[in-house]
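Encoded as structure tokens, the structure appears first; notes follow it.
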Amino acid sequence: MPTVLQHSRRRFLNLAGTAIAAFQLGSHVAKAGTFKPGSKLPAIRPGTATTLGPIRQVVAGDVSIGYAEAGPADGPVVILLHGWPYDIHSFADVAPALAAAGHRVIIPHLRGYGTTRLLSPTALRNGQPVAVAADIVALMDALGIKSATLAGYDWGARTANIIAALWPERCRAMVSVSGYLIGSQQAGRMPLPPAAELQWWYQFYFATERGREGYDKNRHDFAKLIWQTASPKWAFDDATFARSAAAFDNPDHVDIVVHNYRWRLGLTQGEAKYDALEAKLATFPDISVPTITMEGDANGAPHPAPESYAKKFAGRYEHRLITGGIGHNLPQEAPHAFAQAVIDVMAGV
């Protein structure tokens, strides 16, 4: 789930409440001009689509990545990036809408989910955020994609942020739920006020071997609890959950998830080959690509306040608050709003 904007973590509680009230659907926080809306998509009823078609497999860098694809092969590319503990079915309604609008849509399982596996059986099951981002760049290379619009939430939004910051030539535009999510180990070591620490209970659980074993034993029940607390007004059914929960049976899943959260707290190391990239990310670089950030009005997961990160986006920028009881899994709960944001951010790019 999304890391609180690391260099502003101490301000999280003070900012979170006031900012939600300050933004309304369609409101702008523009640093260098706002977006002209793209074509209007037909209405999408959440839960209409349940499948994403066959899963394709491609070797990309250190991993074999499983991904779904929709839309014309020569259309402008959109890569949709899911979070934890979710999977590509978060975009089951979004992908066909974008495909129908003429876009080539790629929806990869992140490392440790679905059929995405590390190639080496002895390699570190690394959940380091920059490693996840490097996988997506390698996927683009493997598929011959020079640049794409990146759109995601949770781990997926963080992945998009990192690519936009480190490899801006690969990112034409971006939709990022919960805004700017780039962090560092140093910032992650900083203690938070007790109420904020409570929201991150699972992060501390994963810091223990009891937590790793507990997650391994109860990964489906654990994920369902997170879904319920992160999206308290989302009435998902058992079939919807089961479609995504199957992705957690990946043999690498538990180790990668646990490593991710331990790495954030500075309790474990990543891979040395990413040290130079981590040094760049530790400066909290501005993001220059056109960006729309989004938030649901009922997001029960830890998330930064929009006013705390607006200035991190140096290009065309807009923030949208999506109302109606929308929680953390915004693309699955409000697919029309998410897909429309992708269309709009691409307008004029």
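The aromatic rings of Tyr202 and Trp200 lie tilted to each other, with the angle between the two planes from 30° to 60°.
Between Thr51 and His89, every side-chain heavy-atom pair lies at or beyond the 4.5 Å cut-off. In this structure the side chain of Ser176 reaches within 4.5 angstrom of the side chain of Asn161, judged on heavy atoms. Arg172 places a side-chain heavy atom less than 4.5 Å from the side chain of Pro76. Counting heavy atoms from C-beta outward, Val177 and Thr293 have side chains that stay 4.5 Å or more apart. Between Ile287 and Met174 the shortest side-chain heavy-atom distance falls below 4.5 Å. You'll find the side chain of Phe91 reaches within 4.5 Å of the side chain of His82, heavy atoms only.
For Glu209, the salt bridge (Lys or Arg N to Asp or Glu O under 4.0 Å) partners two or more places apart in sequence, or in a different chain, are Arg212, Arg262. By the salt bridge (Lys or Arg N to Asp or Glu O under 4.0 Å) test, Asp252 pairs with Arg117, Arg125, sequence neighbours left out. Under the salt bridge (Lys or Arg N to Asp or Glu O under 4.0 Å) criterion, Arg104 pairs with Glu69, sequence neighbours left out. Evaluation of the side-chain contact (heavy atoms from CB on, under 4.5 Å) rule for Leu41 yields Ala101, His336, Ala339, Gln340, Ile343 as partners, not counting sequence neighbours. Partners of Asp216 according to the salt bridge (Lys or Arg N to Asp or Glu O under 4.0 Å) rule, which considers only residues two or more places apart in sequence or in another chain, are Arg219. Partners of Phe241 by ring pair (Phe, Tyr, Trp, His ring centres under 6.0 Å), not counting sequence neighbours, listed by chain and number: Trp227. In this structure, the ring pair (Phe, Tyr, Trp, His ring centres under 6.0 Å) partners of His253, at least two apart in sequence or on a different chain, are Tyr113, Tyr215, Phe248. Here Ser120 pairs with Thr122, Ala123 under the side-chain contact (heavy atoms from CB on, under 4.5 Å) rule; sequence neighbours left out.
With hydrogens and angles ignored, the 3.5 Å screen pairs a side-chain donor or acceptor of Asp297 with a backbone N or O of Gly325. Checked by atom type and distance alone, the side chain of Asn260 pairs as donor or acceptor with a backbone atom of Gly127 at under 3.5 Å. A side-chain donor-acceptor contact under 3.5 Å links His259 to the backbone of Gln269. Looking only at distances, a side-chain donor or acceptor of Asp154 sits under 3.5 Å from a matching main-chain atom of Trp84. A donor-acceptor distance shorter than 3.5 angstrom exists from the side chain of Thr229 to the backbone of Leu225, with no hydrogens or angles considered.
For residues 138-150, the set of pairs meeting the salt bridge (Lys or Arg N to Asp or Glu O under 4.0 Å) definition, not counting sequence neighbours, comprises Asp141-Arg170. Applying the salt bridge (Lys or Arg N to Asp or Glu O under 4.0 Å) test to pairs two or more places apart or on separate chains, none has a residue in residues 74-93.
For the pair Ala247 and His109, the tightest heavy-atom approach, listed with the atom from each and the gap, is CB-CE1, 3.9 Å. When all heavy atoms of Arg158 and Pro129 are compared, the closest pair comes out as CD-CB, 3.7 Å. For Leu143 against Tyr67, the heavy-atom pair with the smallest separation is CD2-OH, 3.4 Å. When all heavy atoms of Leu118 and Leu124 are compared, the pair lying nearest together is CD1-O, 3.6 Å. Counting all heavy atoms, side chain and backbone alike, Pro108 lies closest to Leu80 at CD-O, 3.2 Å. Taking every heavy atom of both residues into account, Leu181 and Ala157 meet most closely at CD1-CB, 3.7 Å.
Connection of Phe204 to Val258 is established within a shared hydrophobic cluster, with ILVMFWY side chains joined at heavy-atom distances below 4.5 Å, either directly or through further cluster members. Val58 and Val132 fall within the same hydrophobic cluster, defined by Ile, Leu, Val, Met, Phe, Trp and Tyr side-chain heavy atoms under 4.5 Å apart, directly or through other members. One hydrophobic cluster, built from ILVMFWY side chains closer than 4.5 Å, holds both Leu281 and Phe284. Linking Ile, Leu, Val, Met, Phe, Trp and Tyr whenever their side-chain heavy atoms come within less than 4.5 Å puts Val94 and Ile55 in one cluster. In the hydrophobic clustering of ILVMFWY residues, with side-chain heavy atoms under 4.5 Å counting as a link, Val175 and Ile44 come out apart.
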Carefully, step by step, assess Asp62 and Lys273 under the rule side chain to side chain contact (heavy atoms under 4.5 Å, CB included). CA-CA 12 Å; Asp62 297 333; Lys273 65 182 179 180; 2.5 Å; yes
Would you please test Phe313 and Val289 for side chain to side chain contact (heavy atoms under 4.5 Å, CB included) and show each step? CA-CA 8 Å; Phe313 297 99; Val289 305; over 6 Å; no
Walk me through whether Val77 and Ile106 qualify under side chain to side chain contact (heavy atoms under 4.5 Å, CB included). CA-CA 7 Å; Val77 181; Ile106 308 292; 4.1 Å; yes
Using side chain to side chain contact (heavy atoms under 4.5 Å, CB included), reason through Ile79 and Thr149 one step at a time and then give a plain yes or no. CA-CA 6 Å; Ile79 300 178; Thr149 295; over 6 Å; no
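Side chain to side chain, Glu295 and Ser178 meet the donor-acceptor criterion of an N or O pair below 3.5 Å. For the residue pair Gln128/Glu278, the side-chain donor-acceptor check at 3.5 Å is satisfied. Between the side chains of Asp249 and His220, at least one donor N or O sits under 3.5 Å from an acceptor N or O. The closest side-chain donor-acceptor pair between Tyr153 and Ser90 falls under 3.5 angstrom.
Counting side-chain heavy-atom gaps under 4.5 Å among Ile, Leu, Val, Met, Phe, Trp and Tyr, the cluster of Val59 also holds Leu119.
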Anything under 3.5 Å between a donor and an acceptor, one on a side chain of residues 231-238, the other on a protein residue two or more places apart or in another chain? List them.
unit_1, atom_1, unit_2, atom_2, d
Ser231, OG, His328, N, 3.0
Ser231, OG, Glu333, OE2, 2.6
Asp237, OD1, Ala239, N, 3.4
Asp237, OD1, Thr240, N, 2.8
Asp237, OD1, Thr240, OG1, 2.7

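Aromatic pair Phe222/Trp201: ring centres closer than 6.0 Å. Here Phe206 and Tyr261 bring their ring centres to under 6.0 angstrom of each other.
To the nearest 0.5 angstrom, Ile136 atom CD1 is 5.5 Å from Leu110 atom CG. Put simply, CH2 on Trp167 and CE on Met140 are 11.0 Å apart, with the number rounded to the nearest 0.5 Å. Interatomic distance, CD1 of Ile163 versus CG of Leu150, reported as 5.0 Å (0.5 Å rounding). Going from atom CD1 of Ile88 over to atom CG of Leu52 covers 5.0 Å, rounded to the nearest 0.5 Å. Considering CD1 of Ile256 and CH2 of Trp155, their distance stands at 7.5 Å, rounded to 0.5 Å. The structure places CD of Gln57 at 8.5 Å from CD1 of Ile65, a figure rounded to the nearest 0.5 Å.
More than 12 heavy atoms of other shown residues, nucleotides or ligands fall within 6.0 angstrom of atom CD in Gln228.
Between Asp344 and Arg316 there is no salt bridge, since no side-chain nitrogen of the basic residue lies less than 4.0 Å from a carboxylate oxygen of the acidic one.
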